[in-house]
K.L.:
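Shown below is the structure under consideration.
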Amino acid sequence: MANAVMAIQVLPEADSTDELLRLVDVAIAEINATGMSYEVGAFETTVEGDLDDLIKLIHQMQLSVTKSGAPRISNYIKLSYAATEHILTTDEKLAKYRDVNRKNSGAE
């Protein structure tokens, strides 16, 4: 069971938008490879997992993105941790808003 949730925005230095997007994809591939639950958003990606695994993931993302060509990478990270209590999942936090968005878009 996840005891932490992290939102991470990856901002690699890049010479073009295409290169920036390629490098962000490298970071997202690192997240995907962990098997942890995650959701990509327009500005950040939210990942749910064990605190230690999330901290290791931050490190791995830095290495992978710089090895893939970024001379520098900046991140903005939000981290929520609950040692013994249930931590709200992304689905629990967003379910009611997703329902509203579906209704507003005519998807229902």
Side-chain angles (χ1 to χ4, degrees):
M1 176 170 62
N3 66 7
V5 177
M6 174 179 69
I8 184 165
Q9 183 181 30
V10 175
L11 298 170
E13 187 175 299
D15 292 334
S16 69
T17 300
D18 287 344
E19 178 65 359
L20 178 112
L21 294 174
R22 183 187 72 78
L23 293 166
V24 168
D25 284 344
V26 169
I28 293 170
E30 286 297 331
I31 296 168
N32 188 57
T34 68
M36 288 187 269
S37 176
Y38 70 97
E39 181 168 305
V40 176
F43 290 101
E44 63 190 15
T45 299
T46 305
V47 188
E48 300 168 352
D50 179 75
L51 178 63
D52 292 335
D53 293 336
L54 292 174
I55 300 301
K56 289 175 189 172
L57 174 59
I58 295 167
H59 181 88
Q60 187 57 45
M61 290 169 66
Q62 307 310 296
L63 296 177
S64 293
V65 172
T66 55
K67 285 180 183 175
S68 293
R72 180 185 338 212
I73 178 173
S74 297
N75 299 115
Y76 295 94
I77 299 167
K78 294 179 262 187
L79 186 63
S80 181
Y81 171 68
T84 59
E85 297 177 14
H86 171 72
I87 193 157
L88 288 173
T89 66
T90 301
D91 286 337
E92 289 170 331
K93 291 177 185 176
L94 298 180
K96 68 182 175 182
Y97 302 109
R98 288 178 174 153
D99 290 343
V100 168
N101 283 336
R102 274 193 291 277
K103 290 176 187 172
N104 288 343
S105 70
E108 288 191 355

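Note that the structure is a prediction, hence the values are computed from the model and not measured.
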K.L.:
Looking only at heavy atoms, what is the nearest atom pair of Leu23 and Ser68, with distance?
P.N.:
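Closest approach of Leu23 to Ser68, heavy atoms only: CD2-O, 3.7 Å.
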K.L.:
According to the salt bridge (charged side-chain N to carboxylate O under 4.0 Å, His left out) rule, which pairs have a member within residues 30-40, sequence neighbours left out?
P.N.:
Glu39-Arg98
K.L.:
Please write out which residues are connected to Phe43 in a hydrophobic cluster, directly or through intermediates, given that two of Ile, Leu, Val, Met, Phe, Trp, Tyr count as joined at side-chain heavy-atom separations below 4.5 angstrom.
P.N.:
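Hydrophobic cluster check, Phe43: no partners found.
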K.L.:
State, with a plain yes or no, whether a side-chain heavy atom of Ile28 is found less than 4.5 Å away from one of Tyr38.
P.N.:
yes
K.L.:
Side-chain heavy atoms nearer than 4.5 Å, only ILVMFWY residues, links allowed to pass through others: does that put Tyr76 and Met61 together?
P.N.:
no
K.L.:
Is the closest side-chain heavy-atom distance between Ser37 and Thr89 below 4.5 Å?
P.N.:
no
K.L.:
Quick one: CG on Asn32 to CG on Asp25, what's the gap to the nearest 0.5 Å?
P.N.:
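So the CG of Asn32 and the CG of Asp25 are separated by 11.0 Å.
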K.L.:
Please enumerate all residues that pass side chain to side chain contact (heavy atoms under 4.5 Å, CB included) together with Tyr81, with sequence neighbours excluded.
P.N.:
Asn3, Ala4, Leu51, Ala83
K.L.:
In the hydrophobic cluster built from side-chain contacts under 4.5 Å, what are the other members alongside Ile87?
P.N.:
Val5
K.L.:
Name all residues meeting the side chain to side chain donor-acceptor pair (under 3.5 Å) criterion together with Asn75; count only those two or more places apart in sequence or in a different chain, and write none if there are none.
P.N.:
Gln62
K.L.:
Following the transitive rule for hydrophobic clusters with a side-chain heavy-atom cut-off under 4.5 Å over Ile, Leu, Val, Met, Phe, Trp and Tyr, establish whether Leu11 and Ile58 coincide in one cluster.
P.N.:
no
K.L.:
Does Val47 share a hydrophobic cluster with Leu79, counting links as ILVMFWY side-chain heavy atoms below 4.5 Å and allowing steps through other members?
P.N.:
yes
K.L.:
When clusters are formed by joining ILVMFWY residues with side-chain heavy atoms under 4.5 Å apart, either directly or through shared neighbours, do Leu88 and Ile8 land in the same one?
P.N.:
no
K.L.:
Check side chain to side chain contact (heavy atoms under 4.5 Å, CB included) between Leu63 and all other residues, then give those that pass, not counting sequence neighbours.
P.N.:
His59, Gln60
K.L.:
Taking only residues two or more places apart in sequence, or in another chain, which ones meet Thr34 in a side chain to side chain contact (heavy atoms under 4.5 Å, CB included)?
P.N.:
Met36, Leu57
K.L.:
For residues 71-80, which residue pairs pass the salt bridge (charged side-chain N to carboxylate O under 4.0 Å, His left out) check, not counting sequence neighbours?
P.N.:
Glu13-Arg72, Glu44-Lys78
K.L.:
Taking side chain to side chain contact (heavy atoms under 4.5 Å, CB included) as the definition, give me every residue that meets it alongside Ser16, ordered by chain and number, with sequence neighbours left out.
P.N.:
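Side chain to side chain contact (heavy atoms under 4.5 Å, CB included) check on Ser16 returns Asp18, Glu19.
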K.L.:
Would you give the length of the straight line joining atom CZ of Arg22 to atom CG of Leu20, rounded to the nearest 0.5 angstrom?
P.N.:
10.5 Å
K.L.:
Is it possible for you to say whether Ile77 and Ile73 belong to one hydrophobic cluster, with membership spreading through side-chain heavy-atom contacts below 4.5 Å?
P.N.:
yes
